[in-house]
Amino acid sequence: QTAFDDALFAHYATAQLVRIDAVTLAVTPIGKPGLLTGVQTSPDGSLLLVDRLVQPFSHAVPVEMSAHVTEVWKAATGDLVMAMPPLPAEEQVPIHGVATGPRNMRWQPLASPTLVWVEALDGGDPLATAAFRDAFLRWPAPFTGSPTEVFRLPQRYAGGQWLASPGQVIVTDYDVEEEWLKTRLFDLDRPVPASEAPPLFSRSSTD
């Protein structure tokens, strides 16, 4: 609620990422201390996907909806490779809506370092009229140029499961108004529109 609360939170939430040698138990710091909320290692172990909070802190939403930035670090040194534009606190997100900008960012399994994520095409508003609500994007290292849009989903992205075959992912989208889930199989190396992706399930979310 106050500036003192902000300072106290920053003090206790600041963390230092380290590597611990499994044999010697030697501890090596990686990068600088920060308000780290998540770290993912690339499949080849060379890069880290790091999410961290940025100030000023919101006094209106929980910490998981606060302003944050996503960065890629070198795993060995913590040196910055790439930083996405900071995302503001989600204070204006509609009910049942989502934030604009990248969401659910992660490394693509079984591939050279490649980031994948989804972004809203409807402003994050479930009441807005839109032919497609989310886009699925991919961006390989060294992160030059622009990300590539792989496919679009008619409804809101509701999760994905990667298969043992590289590039294949099962993706579910969710129709908030109809409370309906649809699950399709996509191949990122052979992208097709959602209407042509092999359907696996189509059911009520209450079933």
Side-chain angles (χ1 to χ4, degrees), residues 38 40-44 47 49 51 64-65 68-72 82-88 90 92-207:
Q40 302 177 45
T41 307
S42 64
D44 67 357
L47 299 174
L49 180 63
D51 193 82
E64 62 268 18
M65 299 175 67
H68 64 104
V69 64
T70 302
E71 300 171 336
V72 174
M82 181 274 293
M84 300 291 288
L87 296 175
E90 300 175 21
Q92 305 301 321
V93 173
I95 295 176
H96 300 305
V98 297
T100 55
R103 310 188 327 270
N104 299 94
M105 184 174 285
R106 62 199 62 209
W107 297 108
Q108 179 181 330
L110 305 177
S112 59
T114 300
L115 293 174
V116 293
W117 68 89
V118 293
E119 289 190 22
L121 298 171
D122 58 359
D125 186 353
L127 300 181
T129 301
F132 299 95
R133 297 211 175 273
D134 274 343
F136 190 100
L137 295 95
R138 179 166 62 166
W139 200 15
F143 312 111
T144 55
S146 300
T148 300
E149 182 180 300
V150 186
F151 56 84
R152 294 184 171 192
L153 294 170
Q155 302 298 333
R156 190 71 68 214
Y157 174 82
Q161 296 290 330
W162 295 91
L163 302 185
S165 299
Q168 292 195 347
V169 59
I170 296 172
V171 175
T172 299
D173 64 352
Y174 177 56
D175 186 330
V176 174
E177 185 176 356
E178 299 295 331
E179 297 185 340
W180 200 264
L181 294 162
K182 288 190 177 181
T183 303
R184 305 172 178 87
L185 173 63
F186 289 92
D187 187 337
L188 303 193
D189 296 322
R190 299 174 181 81
V192 296
S195 59
E196 299 177 18
L200 302 179
F201 306 103
S202 180
R203 63 178 180 84
S204 168
S205 61
T206 60
D207 286 349

Could you give the distance from [atom1] ([X]) to [atom2] ([Y]), rounded to the nearest 0.5 Å?
X      : Y      : atom1 : atom2 : result
Tyr174 : Arg133 : OH    : CZ    : 12.5 Å
Thr148 : Leu188 : OG1   : CG    : 11.0 Å
Thr100 : Leu121 : OG1   : CG    : 11.5 Å
Glu71  : Met84  : CD    : CE    : 11.5 Å

Heavy-atom closest pair, residues [X] and [Y]:
X      : Y      : value
Pro43  : Pro109 : CG-CA, 4.2 Å
Glu149 : Leu137 : CA-CG, 4.2 Å
Tyr157 : Arg103 : CB-NH2, 4.0 Å
Trp180 : Ser202 : NE1-OG, 2.7 Å
Glu64  : Glu90  : O-OE2, 4.5 Å
Ala130 : Asp122 : CB-CB, 3.8 Å

For Val118 and Phe136, run side chain to side chain contact (heavy atoms under 4.5 Å, CB included): C-alpha distance rounded to whole Å, both residues' side-chain angles, the deciding distance at 0.1 Å, then the answer.
-> CA-CA 4 Å; Val118 293; Phe136 190 100; 3.8 Å; yes
Contacts of Thr172 that satisfy side chain to side chain contact (heavy atoms under 4.5 Å, CB included) - sequence neighbours left out =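 Testing Thr172 for side chain to side chain contact (heavy atoms under 4.5 Å, CB included), a comparison that skips the adjacent residues, returns Ala158, Leu181, Thr183.
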List for me each residue that meets side chain to side chain contact (heavy atoms under 4.5 Å, CB included) alongside Pro166, sequence neighbours excluded, and say none if there are none.
->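 For Pro166 the side chain to side chain contact (heavy atoms under 4.5 Å, CB included) partners, ignoring immediate neighbours, are Leu110.
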Name the one of Asp44, Val116, Leu47 that satisfies side chain to side chain contact (heavy atoms under 4.5 Å, CB included) with Trp107?
->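 With Trp107 as partner, side chain to side chain contact (heavy atoms under 4.5 Å, CB included) holds for just one option, Leu47.
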What residue pairs, at least two apart or across chains, pass salt bridge (charged side-chain N to carboxylate O under 4.0 Å, His left out) with a residue in residues 164-176?
->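 Residue pairs with at least one partner in residues 164-176: Asp173-Arg184.
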Does the pair Leu115 and Thr70 meet the rule for a side chain to side chain contact (heavy atoms under 4.5 Å, CB included), with working shown?
-> CA-CA 11 Å; Leu115 293 174; Thr70 302; over 6 Å; no
Asp134 and side-chain hydrogen bond (donor to acceptor under 3.5 Å, both in side chains): which partner among Arg152, Gln155, Arg156?
->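 In the set Arg152, Gln155, Arg156, the residue that makes a side-chain hydrogen bond (donor to acceptor under 3.5 Å, both in side chains) with Asp134 is Arg156.
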